[in-house]
Engineer: 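Please read through the structure below; I'll follow up with questions.
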Amino acid sequence: MQYQNSLAFAKQQDKEDSLSHLRNQFHIPKDKNGKDWLYFTGNSLGLQPKTTKKYINQELEDWENLGVEGHFEAKNPWLNYHELLTDKMAKIVGAKPIEVCVMNTLTTNLHLLMVSFYRPTKTKYKIVIESDAFPSDRYAVESQLQFHGFSKEDIIEWKPQKGEELLKIEDLEKIISEQGDKIALLLIGGVNYYTGQYLNLKRIAEIGHTKNCVVGIDLAHGAGNIQPNLHDSNVDFAAWCTYKYLNSGPGSLAGIFVHEKHAKNKNLPRFAGWWNHNKETRFNMRQPFDVMKGAEGWQLSNPPILSMAAIKASLDLFDEVGMGALRKKSEKLTGYFEFLINEIGADAIKIITPKNSEERGCQLSIQVKNADKSLHKKLTENNIITDWREPDVIRCAPTPMYNSFEDVFNMVSVLKTLL
Ligand SMILES: *Cc1c(COP(=O)(O)O)cnc(C)c1O
(Lines give C-alpha, C1' and ligand atoms only; values in the text may rest on other atoms or scores of the structure.)
Protein backbone atom coordinates (compact mmCIF):
# COMPACT_ATOMS: atom_id res chain seq x y z
CA MET A 1 0.00 0.00 0.00
CA GLN A 2 0.98 3.64 -0.55
CA TYR A 3 1.75 5.46 2.69
CA GLN A 4 1.79 9.24 3.08
CA ASN A 5 3.65 11.41 5.51
CA SER A 6 0.81 13.56 6.85
CA LEU A 7 -1.41 13.75 9.89
CA ALA A 8 -4.46 13.74 7.63
CA PHE A 9 -3.36 10.43 6.11
CA ALA A 10 -2.79 8.90 9.56
CA LYS A 11 -6.24 10.04 10.69
CA GLN A 12 -7.80 8.63 7.55
CA GLN A 13 -6.14 5.25 8.24
CA ASP A 14 -7.61 5.24 11.72
CA LYS A 15 -11.02 6.00 10.28
CA GLU A 16 -10.78 3.10 7.86
CA ASP A 17 -9.37 0.74 10.48
CA SER A 18 -12.04 -1.79 11.48
CA LEU A 19 -10.22 -2.41 14.79
CA SER A 20 -9.86 1.23 15.86
CA HIS A 21 -12.71 0.83 18.39
CA LEU A 22 -10.52 -1.53 20.44
CA ARG A 23 -8.46 1.36 21.80
CA ASN A 24 -11.55 2.40 23.74
CA GLN A 25 -11.55 -0.92 25.54
CA PHE A 26 -8.21 -0.09 27.19
CA HIS A 27 -7.11 2.32 29.87
CA ILE A 28 -4.58 4.58 28.12
CA PRO A 29 -2.38 6.39 30.69
CA LYS A 30 -2.60 10.17 30.44
CA ASP A 31 -0.38 13.16 31.23
CA LYS A 32 -1.43 15.77 33.79
CA ASN A 33 -3.39 17.70 31.17
CA GLY A 34 -5.44 14.62 30.39
CA LYS A 35 -3.72 13.92 27.07
CA ASP A 36 -3.11 10.26 26.17
CA TRP A 37 0.44 9.04 26.43
CA LEU A 38 1.90 7.63 23.24
CA TYR A 39 2.42 4.16 24.62
CA PHE A 40 4.84 1.96 22.66
CA THR A 41 5.81 -0.54 25.33
CA GLY A 42 3.18 -3.22 24.89
CA ASN A 43 6.23 -5.47 24.40
CA SER A 44 7.16 -4.86 28.02
CA LEU A 45 3.86 -4.39 29.86
CA GLY A 46 0.61 -4.36 27.89
CA LEU A 47 -2.09 -1.88 28.91
CA GLN A 48 -5.09 -2.80 31.03
CA PRO A 49 -8.35 -3.79 29.34
CA LYS A 50 -11.28 -1.93 30.88
CA THR A 51 -12.99 -5.26 31.56
CA THR A 52 -10.15 -6.61 33.72
CA LYS A 53 -11.44 -5.03 36.93
CA LYS A 54 -14.86 -6.59 36.42
CA TYR A 55 -13.37 -10.06 35.91
CA ILE A 56 -11.19 -9.77 39.02
CA ASN A 57 -14.04 -8.32 41.07
CA GLN A 58 -16.19 -11.31 40.18
CA GLU A 59 -13.65 -13.59 41.84
CA LEU A 60 -13.25 -11.28 44.84
CA GLU A 61 -17.01 -11.30 45.33
CA ASP A 62 -17.27 -15.05 44.96
CA TRP A 63 -14.51 -15.45 47.52
CA GLU A 64 -16.26 -12.93 49.79
CA ASN A 65 -19.59 -14.75 49.57
CA LEU A 66 -18.58 -18.36 49.20
CA GLY A 67 -15.22 -18.88 50.85
CA VAL A 68 -13.93 -22.34 50.06
CA GLU A 69 -17.16 -23.27 48.31
CA GLY A 70 -16.02 -21.01 45.48
CA HIS A 71 -13.90 -23.90 44.21
CA PHE A 72 -17.19 -25.45 43.06
CA GLU A 73 -19.84 -22.77 43.39
CA ALA A 74 -18.19 -19.62 42.00
CA LYS A 75 -19.64 -18.33 38.74
CA ASN A 76 -16.48 -19.71 37.17
CA PRO A 77 -15.56 -22.53 39.57
CA TRP A 78 -11.96 -22.15 40.65
CA LEU A 79 -11.22 -25.85 40.57
CA ASN A 80 -11.08 -25.92 36.79
CA TYR A 81 -10.60 -22.22 36.15
CA HIS A 82 -7.46 -22.71 34.07
CA GLU A 83 -9.46 -24.77 31.60
CA LEU A 84 -11.44 -21.64 30.70
CA LEU A 85 -8.22 -20.19 29.28
CA THR A 86 -6.91 -23.18 27.37
CA ASP A 87 -8.80 -23.07 24.07
CA LYS A 88 -8.37 -19.33 23.60
CA MET A 89 -4.69 -19.43 24.48
CA ALA A 90 -4.21 -22.40 22.14
CA LYS A 91 -5.71 -20.41 19.26
CA ILE A 92 -3.37 -17.50 19.91
CA VAL A 93 -0.26 -19.65 19.56
CA GLY A 94 -1.63 -22.04 16.92
CA ALA A 95 -1.76 -25.14 19.11
CA LYS A 96 -4.20 -27.89 20.06
CA PRO A 97 -5.86 -27.46 23.46
CA ILE A 98 -4.10 -30.53 24.85
CA GLU A 99 -0.77 -28.84 24.07
CA VAL A 100 -1.36 -25.68 26.13
CA CYS A 101 -1.66 -24.78 29.79
CA VAL A 102 -1.58 -21.50 31.72
CA MET A 103 0.54 -21.85 34.87
CA ASN A 104 3.41 -20.33 36.89
CA THR A 105 5.64 -17.66 35.40
CA LEU A 106 7.84 -17.75 32.33
CA THR A 107 11.29 -18.50 33.73
CA THR A 108 9.82 -21.03 36.17
CA ASN A 109 8.14 -22.77 33.25
CA LEU A 110 11.37 -22.82 31.24
CA HIS A 111 13.00 -24.65 34.14
CA LEU A 112 10.14 -27.12 34.58
CA LEU A 113 10.20 -27.86 30.86
CA MET A 114 13.97 -28.28 30.87
CA VAL A 115 13.60 -30.80 33.68
CA SER A 116 11.76 -32.93 31.13
CA PHE A 117 13.36 -31.89 27.87
CA TYR A 118 16.97 -31.16 28.74
CA ARG A 119 18.26 -34.69 29.34
CA PRO A 120 22.00 -34.43 28.83
CA THR A 121 24.30 -37.43 28.53
CA LYS A 122 28.10 -37.51 28.90
CA THR A 123 28.49 -36.87 25.18
CA LYS A 124 25.35 -34.96 24.18
CA TYR A 125 24.80 -32.09 26.60
CA LYS A 126 25.39 -28.68 25.00
CA ILE A 127 22.67 -26.03 24.65
CA VAL A 128 22.25 -23.58 21.77
CA ILE A 129 20.83 -20.10 22.47
CA GLU A 130 20.92 -16.85 20.49
CA SER A 131 23.85 -14.57 21.34
CA ASP A 132 21.25 -11.87 22.09
CA ALA A 133 19.10 -14.12 24.27
CA PHE A 134 17.07 -12.41 26.98
CA PRO A 135 19.20 -12.43 30.16
CA SER A 136 16.71 -14.53 32.15
CA ASP A 137 16.80 -17.27 29.51
CA ARG A 138 20.59 -17.27 29.49
CA TYR A 139 20.76 -17.50 33.28
CA ALA A 140 18.19 -20.29 33.25
CA VAL A 141 20.20 -22.26 30.71
CA GLU A 142 23.52 -21.65 32.51
CA SER A 143 22.03 -22.88 35.76
CA GLN A 144 20.57 -25.98 34.10
CA LEU A 145 24.00 -26.82 32.69
CA GLN A 146 25.61 -26.33 36.09
CA PHE A 147 22.87 -28.32 37.81
CA HIS A 148 23.73 -31.27 35.58
CA GLY A 149 27.47 -30.93 36.26
CA PHE A 150 28.40 -29.01 33.13
CA SER A 151 29.51 -25.39 32.82
CA LYS A 152 28.25 -22.25 31.19
CA GLU A 153 31.03 -22.69 28.63
CA ASP A 154 28.84 -25.46 27.25
CA ILE A 155 26.47 -22.90 25.76
CA ILE A 156 26.81 -22.54 22.00
CA GLU A 157 25.75 -19.12 20.74
CA TRP A 158 23.94 -18.64 17.47
CA LYS A 159 25.39 -15.26 16.48
CA PRO A 160 24.77 -12.72 13.73
CA GLN A 161 27.61 -12.52 11.23
CA LYS A 162 30.30 -9.88 11.74
CA GLY A 163 28.93 -6.36 11.37
CA GLU A 164 25.32 -7.62 11.25
CA GLU A 165 22.48 -7.55 13.74
CA LEU A 166 20.16 -10.33 12.57
CA LEU A 167 20.43 -14.10 12.75
CA LYS A 168 20.78 -16.21 9.62
CA ILE A 169 19.30 -19.68 9.49
CA GLU A 170 22.39 -20.96 7.58
CA ASP A 171 24.48 -20.24 10.64
CA LEU A 172 22.24 -22.44 12.77
CA GLU A 173 22.45 -25.17 10.13
CA LYS A 174 26.21 -24.94 10.32
CA ILE A 175 26.26 -25.21 14.12
CA ILE A 176 23.99 -28.26 14.06
CA SER A 177 25.78 -30.03 11.22
CA GLU A 178 29.19 -29.51 12.82
CA GLN A 179 28.36 -29.92 16.52
CA GLY A 180 24.84 -31.43 16.59
CA ASP A 181 26.07 -34.74 18.04
CA LYS A 182 27.12 -32.87 21.18
CA ILE A 183 23.99 -30.72 21.41
CA ALA A 184 21.06 -31.79 23.59
CA LEU A 185 18.83 -28.72 23.37
CA LEU A 186 18.09 -25.58 21.36
CA LEU A 187 16.33 -22.87 23.37
CA ILE A 188 15.59 -19.96 21.05
CA GLY A 189 13.56 -16.77 21.35
CA GLY A 190 10.90 -17.08 18.62
CA VAL A 191 10.79 -13.29 18.31
CA ASN A 192 14.02 -11.77 19.56
CA TYR A 193 13.36 -9.25 22.31
CA TYR A 194 16.16 -6.93 21.14
CA THR A 195 15.99 -6.89 17.34
CA GLY A 196 12.33 -7.89 16.92
CA GLN A 197 13.38 -10.60 14.44
CA TYR A 198 10.76 -13.35 14.06
CA LEU A 199 12.55 -16.59 13.29
CA ASN A 200 11.23 -19.48 11.22
CA LEU A 201 10.23 -21.91 13.98
CA LYS A 202 9.46 -24.77 11.64
CA ARG A 203 12.88 -24.55 10.05
CA ILE A 204 14.58 -24.37 13.46
CA ALA A 205 12.70 -27.50 14.55
CA GLU A 206 13.67 -29.33 11.35
CA ILE A 207 17.32 -28.39 11.73
CA GLY A 208 17.46 -29.35 15.41
CA HIS A 209 15.68 -32.64 14.85
CA THR A 210 18.14 -33.76 12.12
CA LYS A 211 20.60 -34.43 14.96
CA ASN A 212 18.03 -35.45 17.60
CA CYS A 213 18.30 -32.20 19.51
CA VAL A 214 15.22 -31.13 21.46
CA VAL A 215 13.84 -27.78 20.30
CA GLY A 216 12.29 -25.31 22.75
CA ILE A 217 11.04 -21.80 21.98
CA ASP A 218 10.62 -18.77 24.22
CA LEU A 219 7.61 -16.93 22.86
CA ALA A 220 7.54 -14.03 25.32
CA HIS A 221 7.72 -11.57 22.42
CA GLY A 222 5.60 -13.68 20.10
CA ALA A 223 2.40 -14.55 21.97
CA GLY A 224 -0.32 -12.09 20.97
CA ASN A 225 2.05 -10.48 18.47
CA ILE A 226 2.69 -12.93 15.63
CA GLN A 227 0.95 -16.19 14.64
CA PRO A 228 3.50 -18.86 15.46
CA ASN A 229 1.51 -22.04 14.55
CA LEU A 230 3.28 -23.97 17.26
CA HIS A 231 1.68 -27.33 16.49
CA ASP A 232 2.62 -27.29 12.81
CA SER A 233 6.07 -25.93 13.55
CA ASN A 234 6.76 -29.22 15.36
CA VAL A 235 8.88 -27.64 18.09
CA ASP A 236 8.95 -29.81 21.20
CA PHE A 237 7.99 -27.21 23.75
CA ALA A 238 7.49 -23.47 24.24
CA ALA A 239 6.77 -20.99 27.02
CA TRP A 240 5.67 -17.35 27.16
CA CYS A 241 4.47 -14.70 29.58
CA THR A 242 1.09 -12.97 29.41
CA TYR A 243 1.95 -9.48 30.63
CA LYS A 244 3.51 -8.25 27.37
CA TYR A 245 1.32 -8.40 24.25
CA LEU A 246 -1.32 -10.41 26.11
CA ASN A 247 -2.17 -7.50 28.43
CA SER A 248 -2.77 -9.61 31.54
CA GLY A 249 -1.08 -7.45 34.15
CA PRO A 250 2.35 -7.19 35.81
CA GLY A 251 3.88 -10.55 36.65
CA SER A 252 0.77 -12.43 35.58
CA LEU A 253 0.83 -16.17 34.94
CA ALA A 254 2.49 -17.64 31.89
CA GLY A 255 1.71 -20.21 29.20
CA ILE A 256 3.35 -23.43 28.11
CA PHE A 257 3.15 -25.58 25.01
CA VAL A 258 4.18 -29.21 24.88
CA HIS A 259 3.78 -30.78 21.47
CA GLU A 260 1.10 -33.44 21.15
CA LYS A 261 3.75 -36.03 20.29
CA HIS A 262 4.87 -35.86 23.93
CA ALA A 263 1.35 -35.62 25.41
CA LYS A 264 1.00 -39.21 26.53
CA ASN A 265 4.59 -39.94 27.38
CA LYS A 266 4.33 -40.64 31.08
CA ASN A 267 7.97 -41.66 31.19
CA LEU A 268 9.27 -38.14 30.65
CA PRO A 269 11.00 -37.24 33.90
CA ARG A 270 9.29 -34.29 35.54
CA PHE A 271 8.58 -32.64 38.85
CA ALA A 272 5.24 -33.40 40.42
CA GLY A 273 2.62 -31.85 42.68
CA TRP A 274 -1.05 -32.51 43.24
CA TRP A 275 -2.08 -30.38 40.26
CA ASN A 276 -0.46 -32.57 37.61
CA HIS A 277 -2.01 -35.63 39.19
CA ASN A 278 -5.09 -37.16 37.51
CA LYS A 279 -8.09 -34.90 38.19
CA GLU A 280 -10.42 -37.82 38.89
CA THR A 281 -8.48 -39.05 41.90
CA ARG A 282 -6.67 -35.86 42.97
CA PHE A 283 -8.70 -35.43 46.12
CA ASN A 284 -8.51 -39.02 47.30
CA MET A 285 -5.12 -37.90 48.56
CA ARG A 286 -3.83 -41.44 49.00
CA GLN A 287 -3.21 -42.51 45.44
CA PRO A 288 0.24 -42.99 43.98
CA PHE A 289 1.09 -40.19 41.58
CA ASP A 290 -0.73 -40.56 38.26
CA VAL A 291 0.32 -37.85 35.83
CA MET A 292 -2.17 -36.09 33.55
CA LYS A 293 -1.61 -36.19 29.84
CA GLY A 294 -0.82 -33.11 27.81
CA ALA A 295 0.52 -29.76 28.93
CA GLU A 296 -1.58 -29.88 32.13
CA GLY A 297 0.81 -32.60 33.24
CA TRP A 298 3.42 -29.95 34.07
CA GLN A 299 1.33 -28.03 36.63
CA LEU A 300 2.31 -28.28 40.29
CA SER A 301 0.03 -26.10 42.38
CA ASN A 302 -3.52 -24.86 42.44
CA PRO A 303 -3.21 -21.57 40.58
CA PRO A 304 -3.84 -17.93 41.59
CA ILE A 305 -7.37 -17.23 40.36
CA LEU A 306 -7.09 -13.43 40.55
CA SER A 307 -4.26 -13.49 38.04
CA MET A 308 -6.15 -15.94 35.85
CA ALA A 309 -9.17 -13.65 35.89
CA ALA A 310 -7.03 -10.90 34.36
CA ILE A 311 -5.85 -13.36 31.71
CA LYS A 312 -9.43 -14.37 31.00
CA ALA A 313 -10.45 -10.75 30.46
CA SER A 314 -7.68 -10.30 27.94
CA LEU A 315 -8.13 -13.62 26.14
CA ASP A 316 -11.85 -12.97 25.72
CA LEU A 317 -10.92 -9.77 23.93
CA PHE A 318 -8.35 -11.52 21.72
CA ASP A 319 -10.88 -14.22 20.92
CA GLU A 320 -13.49 -11.70 19.87
CA VAL A 321 -11.11 -10.00 17.46
CA GLY A 322 -9.01 -12.93 16.27
CA MET A 323 -5.24 -13.01 15.72
CA GLY A 324 -5.73 -12.92 11.93
CA ALA A 325 -7.34 -9.48 11.98
CA LEU A 326 -4.90 -8.18 14.58
CA ARG A 327 -1.90 -9.35 12.62
CA LYS A 328 -3.22 -7.76 9.45
CA LYS A 329 -3.57 -4.40 11.14
CA SER A 330 -0.23 -4.86 12.86
CA GLU A 331 1.63 -5.30 9.57
CA LYS A 332 0.06 -2.14 8.22
CA LEU A 333 0.67 -0.11 11.37
CA THR A 334 4.31 -1.14 11.73
CA GLY A 335 4.76 -0.66 7.98
CA TYR A 336 3.57 2.91 8.40
CA PHE A 337 5.88 3.43 11.36
CA GLU A 338 8.82 2.15 9.31
CA PHE A 339 7.88 4.39 6.37
CA LEU A 340 7.80 7.48 8.60
CA ILE A 341 11.12 6.68 10.26
CA ASN A 342 12.73 6.24 6.87
CA GLU A 343 11.20 9.54 5.75
CA ILE A 344 13.21 11.35 8.42
CA GLY A 345 16.13 10.49 6.19
CA ALA A 346 18.74 10.86 8.92
CA ASP A 347 21.97 8.92 8.43
CA ALA A 348 22.13 8.51 12.17
CA ILE A 349 19.02 6.31 12.19
CA LYS A 350 18.95 2.65 11.33
CA ILE A 351 16.12 0.19 11.87
CA ILE A 352 17.74 -3.11 12.84
CA THR A 353 14.48 -5.11 12.73
CA PRO A 354 13.96 -7.09 9.49
CA LYS A 355 12.29 -5.20 6.62
CA ASN A 356 10.21 -8.20 5.60
CA SER A 357 6.95 -8.16 7.58
CA GLU A 358 6.97 -11.98 7.75
CA GLU A 359 10.21 -11.81 9.72
CA ARG A 360 9.03 -9.42 12.39
CA GLY A 361 6.12 -8.67 14.71
CA CYS A 362 4.97 -5.15 15.56
CA GLN A 363 8.21 -3.99 17.19
CA LEU A 364 10.84 -1.87 15.47
CA SER A 365 14.25 -1.53 17.08
CA ILE A 366 15.69 1.80 16.05
CA GLN A 367 19.39 2.36 16.37
CA VAL A 368 20.37 6.02 16.76
CA LYS A 369 24.10 6.48 16.22
CA ASN A 370 25.89 8.52 18.88
CA ALA A 371 22.70 8.86 20.90
CA ASP A 372 22.61 8.22 24.61
CA LYS A 373 19.89 7.68 27.11
CA SER A 374 19.06 11.41 27.14
CA LEU A 375 17.16 10.86 23.88
CA HIS A 376 14.94 8.33 25.60
CA LYS A 377 14.47 10.75 28.48
CA LYS A 378 13.38 13.51 26.09
CA LEU A 379 10.90 11.20 24.44
CA THR A 380 9.47 10.37 27.86
CA GLU A 381 9.21 14.09 28.67
CA ASN A 382 7.05 14.33 25.56
CA ASN A 383 4.80 11.55 26.92
CA ILE A 384 6.22 9.01 24.49
CA ILE A 385 6.83 5.75 26.30
CA THR A 386 9.51 3.63 24.63
CA ASP A 387 12.17 1.25 25.81
CA TRP A 388 15.87 2.05 25.74
CA ARG A 389 18.51 -0.65 25.29
CA GLU A 390 22.16 0.20 25.73
CA PRO A 391 24.14 1.31 23.90
CA ASP A 392 21.92 3.08 21.36
CA VAL A 393 18.65 1.32 20.55
CA ILE A 394 15.07 2.48 21.09
CA ARG A 395 12.57 -0.35 21.00
CA CYS A 396 9.05 0.70 19.97
CA ALA A 397 6.09 -1.60 19.67
CA PRO A 398 2.92 -0.13 18.17
CA THR A 399 0.33 -2.77 19.10
CA PRO A 400 -2.73 -3.32 16.93
CA MET A 401 -5.01 -3.57 19.99
CA TYR A 402 -4.66 -0.02 21.22
CA ASN A 403 -2.19 2.00 19.15
CA SER A 404 -3.39 4.20 16.30
CA PHE A 405 -1.83 5.44 13.08
CA GLU A 406 -2.05 8.88 14.65
CA ASP A 407 0.04 7.67 17.63
CA VAL A 408 2.70 6.53 15.22
CA PHE A 409 2.63 9.77 13.23
CA ASN A 410 2.89 11.93 16.35
CA MET A 411 5.70 9.84 17.78
CA VAL A 412 7.82 10.14 14.66
CA SER A 413 7.15 13.91 14.45
CA VAL A 414 8.58 14.38 17.92
CA LEU A 415 11.51 12.05 17.27
CA LYS A 416 12.35 14.06 14.16
CA THR A 417 12.48 17.38 16.07
CA LEU A 418 14.58 15.79 18.81
CA LEU A 419 17.15 14.62 16.28
C1 LIG B 1 10.04 -10.85 29.29
C2 LIG B 1 10.91 -12.02 29.11
C3 LIG B 1 11.26 -12.83 30.19
C4 LIG B 1 10.82 -12.52 31.59
O5 LIG B 1 10.73 -13.66 32.38
P6 LIG B 1 9.82 -13.74 33.68
O7 LIG B 1 10.05 -15.08 34.20
O8 LIG B 1 8.40 -13.48 33.24
O9 LIG B 1 10.24 -12.64 34.61
C10 LIG B 1 12.06 -13.94 29.93
N11 LIG B 1 12.48 -14.23 28.67
C12 LIG B 1 12.15 -13.45 27.62
C13 LIG B 1 12.63 -13.80 26.25
C14 LIG B 1 11.37 -12.32 27.81
O15 LIG B 1 11.06 -11.55 26.76
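One-based numbering, in listed order, for ligands and for the atoms of each. The structure presented is a predicted model; accordingly, all values stated were derived computationally and were not measured. Quick note: numbers below take in every heavy atom, side chains included, and nothing from hydrogens, waters or symmetry partners.
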Engineer: Decide whether Gln58 and Asp62 meet the rule of one side-chain donor and one side-chain acceptor closer than 3.5 Å.
Structural biologist: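 Yes, because at least one side-chain N or O of Gln58 sits under 3.5 Å from a partner of the opposite role on Asp62.
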
Engineer: May I ask you to check if ligand 1 and Tyr193 share an N or O to N or O distance below 3.5 Å?
Structural biologist: no

Engineer: Does the side chain of Ser136 pick up a donor-acceptor pair with the side chain of Thr107 at under 3.5 Å?
Structural biologist: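 Looking only at side-chain atoms, Thr107 and Ser136 do form a donor-acceptor pair, the distance falling under 3.5 Å.
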
Engineer: Looking only at protein heavy atoms, identify the closest one to atom 2 (C) of ligand 1 and say how far it is in Å.
Structural biologist: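 Minimum-distance protein heavy atom for atom 2 (C) of ligand 1 reads Lys244 NZ, 2.4 Å.
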
Engineer: Heavy atoms only: give me the nearest Tyr194-Glu390 pair and the separation to one decimal.
Structural biologist: OH-O, 4.4 Å

Engineer: State whether a side-chain donor-acceptor pair under 3.5 Å links Asp407 with Tyr39.
Structural biologist: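 No donor-acceptor contact under 3.5 Å links the two side chains.
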
Engineer: Given that the side chain starts at C-beta and the backbone is N, CA, C, O, which of these parts of Asp218 lies under 4.0 Å from ligand 1, counting heavy atoms, or is it both or neither?
Structural biologist: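 The answer is the side chain.
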
Engineer: For a 4.5 angstrom cut-off between non-hydrogen side-chain atoms, does His262 reach Asp236?
Structural biologist: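 Side-chain contact under 4.5 Å: yes.
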
Engineer: So, Asn192 and Glu130: side-chain donor and acceptor under 3.5 Å apart, yes or no?
Structural biologist: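 Result is yes, a qualifying pair exists.
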
Engineer: Can you list the atoms of ligand 1 that are under 4.0 Å from a heavy atom of His221?
Structural biologist: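 By the 4.0 Å cutoff, the relevant atoms are 15 (O).
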
Engineer: Which protein heavy atom lies closest to atom 11 (N) of ligand 1, and at what distance to 0.1 Å?
Structural biologist: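 Checking every protein heavy atom, the shortest distance to atom 11 (N) of ligand 1 gives Asp137 OD1, 2.6 Å.
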
Engineer: Could you name the option among Thr105, Asn43, Thr107 that has the heavy atom nearest to atom 7 (O) of ligand 1?
Structural biologist: Thr107

Engineer: Would you say Ser136 has any N or O atom under 3.5 Å from an N or O of ligand 1, going by distance alone?
Structural biologist: no

Engineer: Please state which protein non-hydrogen atom is closest to atom 8 (O) of ligand 1 and give its distance, to 0.1 Å?
Structural biologist: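 For this ligand atom, the closest protein heavy atom is Tyr243 OH, 2.5 Å.
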
Engineer: Check whether any N or O atom of Thr108, backbone or side chain, sits under 3.5 Å from an N or O atom of ligand 1, and answer yes or no.
Structural biologist: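 In this structure, Thr108 places no N or O atom under 3.5 Å from an N or O of ligand 1.
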
Engineer: Please list the nearest protein heavy atom to atom 12 (C) of ligand 1 with its residue and the distance rounded to 0.1 Å.
Structural biologist: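 In this structure, atom 12 (C) of ligand 1 has Phe134 CG, 3.3 Å as its nearest protein heavy atom.
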
Engineer: Can you tell me which residue pairs pass the ring-ring contact (aromatic ring centres under 6.0 Å, His included) test with a partner in residues 146-189, sequence neighbours excluded?
Structural biologist: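 Residue pairs passing ring-ring contact (aromatic ring centres under 6.0 Å, His included), neighbours aside: Tyr118-His148, Tyr125-Phe150.
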
